[in-house]
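The sequence lines fix the lettering, A, B, ..., with proteins before strands; numbering per chain opens at 1.
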Amino acid sequence: MLRSGMVRRLASGLFTWMPMGWRVARIVERVTRQEMERIGAHEVLMPAVHPAELWRESGRWQDYGDLLLKMRDRGEREYCFGPTHEEVVTDIARRELKSYRQLPVSFFQIQTKFRDEIRPRFGVMRAREFIMKDSYSFHLGEDSLRDTYEQYREAYSRVFERLGLKYRVVQADSGEIGGSRSQEFHVLADSGEDLIVWCEGDDFAANLELAPALPPDGERVAPGAAMSEARTPGMRTVRQIAEHLDRPLEDCLKTLLVKAEGGGVVALVLCGHHEVNELKATGLPEVAKPLQLANAQEVAQAASSPPGFVGPVGLRVKTYVDHAAAHRGNFVCGGNRRDKHLVDVNWGRDLPEPEAVDLRNAVEGDRSPGGGGTLQIARGIEVGHIFQLGDKYSRSMRAAVLDENGAEQPMQMGCYGLGVTRTVAAAIEQNHDERGIIWPEAMAPFSVVLVALNIARDKKVRATAEQLRESLRSRGIEVLFDDRDASPGVKLADADLFGIPHRVVISARGLNQGTLEYKHRRSDKPERLSADEATEFLQTQIEP
RNA sequence: CGGGGCGUGGCGCAGUCUGGUAGCGCACCUGCAUGGGGUGCAGGUGGUCGGAGGUUCAAAUCCUCUCGCCCCGACCA
């Protein structure tokens, strides 16, 4: 949808913002800036290029990995193009902030960042160079940090509210930036890269990777028929097994062997229809980080069978069982022998009671951890992320103030990012149809588009259109005036593509009856408008 | 990083296997017609065939090297 001329690609992950797109980006900037100022944050502009020594101090010269674009100047000094500004702002803070009386304080900037993404995709959504509003706050004590964090959460909510986007705030993993509590802001869109989970009945909302999957309610079904062996030649996936044995997928347990910390393997058992959650799995003490599947050799050694036929019965490695799998009775699982599975297996009868833990991704319909009902899942695009960093950077970079007792205390820090350019892309992903973009009123590059048909030849059309344009402009309404000498089809199709909310068509046909035609981008039935009252009418359409 | 694919007028592609005058659609320019959902007819402009080297009488085409881009994958038995 960005082919509408909003941006043009220069190279992988690099885009030029063309006039129409840039207007929208500036609207996002403006709204964001206003909300930042409203909570008392101070705008600054930090360098885009940072000296290596600063990043070595925080340890992230290494930790940030290949995402960091590194470079040298003529004197062979090392630099990076800033992907984020914790180091720089902490350096400012430790020079400028000496007393608790200067706190709390927060700074923000709207800056171009660069992250050397492994694989830039989805156009501007995951560009390498992008514009971000980033803020940093400094505090004495965690209470103050929490207060400011709350203010930012509300400010961000107001930004997305004002832009007219459907969004959700979810609990998030703080990843490599570090720190404790963090939340993400997601614009809901089917093309989103992230899965987010929430419950309408309570205030639970989280990124899928963090959402707990609760144990099922009720009693486990009682054991039935005795355990038996089934032939399953060449069947390596639970789906094939379920179909072959005519059992529901939930009843077919899969056993994943993953590499263990310091060698060997660990077994993870899940229901066939569930997926392992990497964050949860690597949270187990024995499991190696990052999560890696065992290779065929390791599988053969541990289970005396090829991959695909591994099961928990008689398996002599450390085994963790997901709550849902531990709750099943009379289930199917691998037989630890080539082409064999076991049927009607029961915990406590055919093998010991399992060590049940939360291993899987939550699925739609699961019980909410908030207790208010069941979970819903949707795709989202992460457009904002707020963190309580604590003293991670202030300690490693020695940024401290004196408290009221004259004792030196590392400052508590928060950081808050909002992707300006990504928000533009996300808005389009959320609001479009087969004809093009449908901008929310607040984000539209123009409020009104005037489509003057046959303007090159029809003097009356031109005069009326120009008059209307001036009259709208004088009232501060942003107008896009299509005075091209192009066929009606072209002009109308472009008007739809650009997604400007209010469209007025001026044509000879209408003018003969003294009327213009008005249509909202979301509606499909045009209405007639007397030429004289057009300005008034548009103003009332736009104001509310 | 691994696998696959593609680089030929501004854009999208054919031509490459089998070496021999570089082509098509769209866009652009000119003229005429048309004028409410990407309009028609006619005539035009525009190409170091990604780059370098090699084979050959002759290279977009064959060989070697190189650069760029796109897609998929990076583990869920």
Side-chain angles (χ1 to χ4, degrees), chain A residues 3-5 8-14 65-66 116-123 209 232 234-242 249 252-259 265 267-282 287-296 298-300 302-303 305-312 315 322 325 332-336 338-341 359-361 363 434-436 451-458 461 482 484-497 503-512 515-517 519 524 526 528:
Chain A
R3 333 300 182 231
S4 56
R8 286 278 110 105
R9 201 184 66 99
L10 174 65
S12 180
L14 302 177
D66 292 335
D116 198 355
E117 296 283 351
I118 307 176
R119 184 142 92 81
R121 55 190 124 181
F122 303 127
E209 57 182 13
T232 50
M235 296 186 186
R236 311 197 137 216
T237 69
V238 279
R239 244 166 245 292
Q240 290 172 331
I241 308 277
L249 194 56
C252 298
L253 303 195
K254 56 186 177 187
T255 304
L256 276 45
L257 296 180
V258 300
K259 298 202 191 218
V265 299
L268 307 176
V269 179
L270 294 141
C271 290
H273 65 306
H274 285 146
E275 288 188 343
V276 181
N277 176 301
E278 178 161 350
L279 209 62
K280 293 171 183 175
T282 52
V287 175
K289 262 185 236 187
L291 191 65
Q292 283 174 286
L293 284 182
N295 57 40
E298 289 166 317
V299 173
S305 85
F309 303 97
V310 181
L315 195 63
D322 180 68
V332 176
C333 65
N336 296 323
R338 180 181 289 279
D339 299 342
K340 288 281 196 282
H341 276 75
L359 277 179
R360 65 178 174 93
N361 283 334
V363 295
E434 57 296 333
R435 289 211 267 239
V451 183
L453 299 183
N454 199 17
I455 187 172
R457 250 148 267 98
D458 193 318
V461 167
D482 185 353
R484 294 173 300 173
D485 179 19
S487 78
V490 170
K491 300 175 80 155
L492 295 173
D494 279 348
D496 286 342
L497 178 62
R503 185 185 83 183
V504 176
V505 177
I506 300 128
S507 68
R509 191 203 279 177
L511 288 182
N512 287 337
T515 64
L516 307 175
E517 173 198 299
K519 187 177 91 67
D524 44 27
R528 297 210 163 275

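Residues A:Arg509 and A:Leu453 are not in side-chain contact: their nearest non-hydrogen atoms beyond the backbone lie 4.5 Å or more apart.
A straight line from CZ of A:Arg239 to P of B:C76 spans 13 Å, rounded to a whole angstrom. One atom, NE2 of A:His273, and another, C1' of B:C76, lie 14 Å apart when rounded to the nearest Å.
Taking a pair to require two hydrogen-bonding distances under 3.5 Å in either a Watson-Crick or a G-U wobble arrangement, B:C62 pairs with B:G54.
Contact annotation for A:Val451: no contact, since no heavy-atom pair falls under 4.0 Å across all strands.
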request  = Could you run through nucleotides 34-41 of chain B and give me one letter per nucleotide, 5' to 3': B if any protein heavy atom sits under 4.0 Å from the base, S if only the sugar-phosphate is that close, - if neither?
outcome  = -BBBBB--
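For B:C72 and B:U56, the C1' atoms lie 40 Å apart once the distance is rounded to whole Å. Nucleotides B:U55 and B:C11 have their P atoms positioned 34 Å apart, rounded to a whole Å. Only the C1' atoms considered, B:C41 is 11 Å distant from B:U34, to the nearest whole Å. Across the C1' atoms, B:G23 and B:C49 are found 12 Å apart, a figure rounded to whole Å. Distance check on atom C1': B:C13 versus B:A33 gives 31 Å, rounded to whole Å. Rounded to a whole angstrom, the distance from the P atom of B:A14 to that of B:G5 is 15 Å.
A salt bridge links A:Arg503 with A:Glu517: the closest approach of a Lys/Arg side-chain nitrogen to an acidic carboxylate oxygen falls below 4.0 angstrom.
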